[in-house]
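For reference, the structure is listed below as structure tokens.
Counting starts at 1 for both ligands and their atoms, following the listed order. In this text the structure is predicted, and so the values were computed from the model without any measurement. Excluded from the calculations below are hydrogen atoms, water molecules and symmetry mates; all remaining heavy atoms, backbone and side chain alike, are included.
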Amino acid sequence: MNAGILIVLEGGDSVGKTTQSQYLDQWLDGHGVDHLMTREPGGTPLGARIRALLLDPASGGIDDRAEALLYAADKAQHVTEVLRPALERGQVVVCDRYIDSTLAYQGAGRILEAEEIRALARWSTDGLRPDLTVLLDADPAETTAAIEVKDRMESESLEFHRRVRDEFLALAARDPGRYLVLPARDSRESIAAAVRERLAPMLGIDTGLATDTGLATGTGPGIDAGSDLSGPDGTMRP
Ligand SMILES: Nc1ncnc2c1ncn2[C@@H]1O[C@H](COP(=O)(O)OP(=O)(O)OP(=O)(O)O)[C@@H](O)[C@H]1O
Ligand SMILES: Cc1cn([C@H]2C[C@H](O)[C@@H](COP(=O)(O)O)O2)c(=O)[nH]c1=O
């Protein structure tokens, strides 16, 4: 039985998961919520080495099933070493990618047998499911295709990334109570506000304002230069 809450950010490559993780991290900090930010693949020392293998274009033609098993190994280690202990401590855990990435990329993207991939994902995570998945949705022609230097997964075809997107949307449609689906090319701040609005009641945060950022005016976020978090005068937007 977990005392904590597992929130997952999902979506295709370059849809803005890291950006939204940073907003969320700052909001949780601002409200004094004991939380942990992590990601897959690469949320453990072993996972970091698996991630490097999986994403390096020099790894070349990794067999599809070998790829699925490497992602599964990363998950198993991450659940045991990081996710379960944090949830048992009662922390709010925010994870950049989780099971749905396996179902979407290995299942739909690589066209592996869906039931086998589901079983592998369940087994590797020891049945640990997210409390909420935030799916950032965008046409990969606008996101993945625009990446200048691509890793091994990002280098897959547009058709591959379209299958991935369609599977993410299908997973969300099957279980709408556990998903928040947001258009990934809306403004960064409006996406962050929608995430906060959904999470506040789950976390018992009384924001007072739906637009609450959890940040004091004038505290600078560590978000990239493309961010629209700060207003024209450098202060936080309300
Ligand atoms: N809402 C948005 N609208 C337009 N551009 C955005 C938005 N959010 C983030 N970006 C930009 O898109 C790029 C990718 O963002 P980010 O790194 O957050 O995505 P990601 O999903 O974490 O990527 P990856 O798949 O590599 O992990 C960055 O240049 C970022 O500034
Ligand atoms: C967890 C997981 C990830 N992937 C893919 C998705 C991305 O292309 C990369 C991870 O890169 P990011 O910069 O962290 O987004 O790996 C996957 O295919 N299967 C998975 O289970």
- Query: What atoms of ligand 1 come closer than 4.0 angstrom to any heavy atom of Asp13?
  - Reply: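 Those of ligand 1 that fall under 4.0 Å from Asp13 are 25 (O).
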
- For Ile191, take its heavy atoms, then give the atoms of ligand 1 lying under 4.0 Å from any of them.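 Numbered from 1, ligand 1 contributes 1 (N).
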
- Message: At less than 4.0 angstrom from any atom of ligand 2, which residues have a non-hydrogen atom? List them by chain and residue number.
- Response: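 Protein residues near ligand 2 are Asp13, Glu40, Pro41, Arg51, Leu55, Tyr71, Lys75, Arg97, Ser101, Thr102, Tyr105, Gln106, Met153.
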
- Can you find a pair of side-chain heavy atoms, one from Gln77 and one from Ile50, that are under 4.5 Å apart?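 Not touching, per the 4.5 Å side-chain cut-off.
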
- Flag yes if more than 12 heavy atoms outside Arg65 fall under 6.0 Å of its CZ atom; otherwise flag no.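 Counting other residues, nucleotides and ligands, CZ of Arg65 stays at 12 neighbours or fewer.
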
- Query: Should the heavy atoms of other residues, nucleotides or ligands under 6.0 Å from CZ of Arg89 be counted, would the total exceed 12?
  - Reply: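 Correct, the count exceeds 12.
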
- Should Glu154 be listed as contacting ligand 1, given a heavy-atom distance under 4.0 Å as the test?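 Glu154 counts as a contact of ligand 1 under the 4.0 Å cut-off.
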
- Message: If we set the cut-off at 4.0 Å for heavy atoms, which region of Ser21 has an atom near ligand 1: side chain, backbone, both, or neither?
- Response: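 Looking at Ser21 and ligand 1, no heavy atom falls under 4.0 Å.
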
- How does Leu136 reach ligand 1, by side chain, by backbone, by both or by neither, if only non-hydrogen atoms under 4.0 Å count?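 Near ligand 1, Leu136 shows nothing, with every heavy atom at 4.0 Å or more.
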
Could you list the donor-acceptor pairs under 3.5 angstrom formed between side-chain atoms of residues 127-141 and any protein atom two or more places apart in sequence or on another chain?
unit_1	atom_1	unit_2	atom_2	d
Arg129	NH2	Asp175	OD2	3.1
Asp131	OD2	Leu6	N	2.7
Asp137	OD1	Arg165	NE	2.8
Asp137	OD2	Arg165	NH2	3.0
Asp139	OD1	Ala141	N	2.8

- Message: For a quick test of reading the model, state the closest non-hydrogen atom pair linking Leu203 to Leu28 and the distance between them.
- Response: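 Result for this residue pair: CD1-CD2, 3.6 Å.
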
- Might you point out which heavy atoms bring Gln20 and Ile191 nearest each other, and give the distance in Å?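 Answer, listing the atom of Gln20 first, then Ile191: CD-CG2, 3.4 Å.
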
- Message: So for ligand 1, is Ala184 a polar contact partner (N or O within less than 3.5 Å, distance only)?
- Response: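 Right, the criterion is met.
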
- Task: Would you check the N or O atoms of Asp96, main chain and side chain alike, for any that come under 3.5 Å of an N or O of ligand 1?
- Result: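 No, no N or O pair falls under 3.5 Å.
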
- Task: Could you check which of Lys17, Arg188, Lys150 puts a non-hydrogen atom nearest to atom 10 (N) of ligand 1?
- Result: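 Comparing heavy atoms across Lys17, Arg188, Lys150, the nearest one to atom 10 (N) of ligand 1 lies in Arg188.
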
- Query: Between Lys75, Arg97, Lys17, which is the residue that forms a salt bridge (Lys or Arg N to Asp or Glu O under 4.0 Å) with Glu40?
  - Reply: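 Only one of Lys75, Arg97, Lys17 forms a salt bridge (Lys or Arg N to Asp or Glu O under 4.0 Å) with Glu40, namely Lys75.
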
- Under the salt bridge (charged side-chain N to carboxylate O under 4.0 Å, His left out) rule, collect the residues that match up with Arg51, sequence neighbours excluded.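 Partners of Arg51 under the salt bridge (charged side-chain N to carboxylate O under 4.0 Å, His left out) test: none.
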
- Of all pairs that satisfy side-chain hydrogen bond (donor to acceptor under 3.5 Å, both in side chains), the ones with a partner from residues 155-164, not counting sequence neighbours: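 Found Arg110-Glu156.
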
- Task: Look only at the side chain of Glu10 and the backbone of Ser101, and say whether a donor-acceptor pair between them is shorter than 3.5 Å.
- Result: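 A pair under 3.5 Å: yes.
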
